[in-house]
Amino acid sequence: MRILRSIAEINELDRNKSIGLVPTMGFFHEGHLQLMRAARKSNDTVVVSLFVNPTQFGPKEDFGSYPRDEARDANMAGSVGVDFLFVPSVAEIYPRTTTAIVPSGAALRWEGERRPGHFEGVATVVCKLFNIVKPDVAYFGLKDFQQCAVIRQMVEDLNIPVVLQFEDTVREPDGLAMSSRNVYLSGIERSTASHLYAELNKVALESAGKGRNEVERAISNSTAALTELGFQVDYLEVVDRLTLEPSSPKASSCHVIAAVWLGKTRLIDNLQIHD
Ligand code: AMP
């Protein structure tokens, strides 16, 4: 595996071969590796980008303390057959910041509302990575469910010639969704954290096939249970899969989505609701 740091080096990739791109912020875990393996299976060349994107962090968020370990990441990416790890500097990606993509629609609520500018940063960097790497297929994890909807919407709205592939959320044995940020959890918080997945399952089960009244009852029961356990619930909702608007499984194809605080750590997760 080769580490590339400049756009000039990326420009030398063989364009006669199919390219799969996995955009990441590093500190790899099994969720990242699953995306890399999926890319390895169906492309001649696999490029993984490792870029902690400053523009998607708010001023009070964890850009400075976000976990970073390039040597460990390079070993892990190499072990699953990645060809190129693209590790650009901030100056390489943002020699200036005079143009940005401002997503609307699926970006407006939830993460978009609580983290102003977040999806603008995500959409802009993902669009730049698409234009730099020019992948045939790009891989994203459904762990970041709203992000998937925002990127799908951007690709459709701007006619970006890339195929998107979304992969299921990889979880720890107790159900906690893997995340680079899980290292922030204390021992006690880590064992409490699995209750989030349990409550998402409860909401999904109690909402399946139901209308808004039953959905709201399930949400309020699980919000109370999580609060009792020490979580601070940022949002817990049942939303339409594509628009991210509150909905009910009776009306459309839905996911239950949540963001919670456990101490100083913010966790997000979601689950598809089966009929
Ligand atoms: P990140 O490095 O956190 O920005 O994540 C890079 C990619 O990996 C994104 O597409 C994420 O949605 C995906 N990802 C992160 N955690 C998981 C997980 N537990 N399961 C599946 N995909 C994940």
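Positions are given from 1, in the same order as the sequence printed here. As the structure is a computational prediction, the values presented were derived from the model and not from experiment. Note that ligands are numbered from 1 as they come in the structure, with each ligand's atoms numbered from 1 the same way.
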When you measure from [atom] to every protein heavy atom, which one gives the shortest distance, and what is it?
atom	result
atom 6 (C) of ligand 1	P23 O, 3.4 Å
atom 12 (O) of ligand 1	D144 OD2, 2.6 Å
atom 22 (N) of ligand 1	G141 CA, 3.4 Å
atom 20 (N) of ligand 1	V170 N, 2.8 Å

Drop me the distance from [X]'s [atom1] to [Y]'s [atom2], to the nearest 0.5 angstrom.
X	Y	atom1	atom2	answer
I132	L21	CD1	CG	10.0 Å
H274	L205	NE2	CG	11.0 Å
L242	S252	CG	OG	8.5 Å
H29	S179	NE2	OG	5.5 Å

Heavy-atom contacts with [X] under 4.0 Å: which atoms of ligand 1 show up? List them by number with element.
X	answer
L35	7 (C), 8 (O), 10 (O), 13 (C)
F140	10 (O)
K143	16 (N), 17 (C), 18 (C), 23 (C)
D168	20 (N), 21 (C)
M178	16 (N), 17 (C), 18 (C), 19 (N)

Task: ligand 1 contacted by R171 (non-hydrogen, < 4.0 Å) - done: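 Contact check R171 vs ligand 1: negative.
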
Open item on the list: So, 4.0 Å and heavy atoms of H32: is ligand 1 close enough to count as a contact?
Closed with: yes

Open item on the list: Please work out, at 4.0 Å between heavy atoms, whether the side chain, the backbone, both, or neither of H29 comes within that distance of ligand 1.
Closed with: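 Only the side chain of H29 comes within reach of ligand 1.
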
Open item on the list: Any nitrogen or oxygen of M25 lying under 3.5 Å from a nitrogen or oxygen in ligand 1? Just yes or no.
Closed with: yes

Open item on the list: For F166 and F140, take the angle between the two ring planes, folded into 0 to 90°, and tell me which bin it lands in: parallel under 30, tilted 30 to 60, perpendicular over 60.
Closed with: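 Taking F140 first and then F166, their aromatic rings sit tilted (interplane angle of 30° to 60°).
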
Open item on the list: Out of F51, Y66, F145, F28, who is nearest to atom 3 (O) of ligand 1 when you count heavy atoms only?
Closed with: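 The nearest heavy atom belongs to Y66.
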
- [ ] Salt-bridge test for K202 and E199: reply yes if a basic N is under 4.0 Å from a carboxylate O, no otherwise.
- [x] yes

TODO: Answer yes if the side chains of S65 and D62 hold a donor-acceptor pair under 3.5 Å, and no otherwise.
DONE: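 There is no such pair (donor and acceptor under 3.5 Å, judged by atom type) between the side chains of S65 and D62.
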
- [ ] Examine distances only and state if a side-chain atom of E92 and a backbone atom of S89 form a donor-acceptor pair shorter than 3.5 Å.
- [x]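 Here the side-chain-to-backbone pair does not exist.
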
Task: Y184 six-ring face occupied by R190 cation (under 6.0 Å, within 45°) - done: no

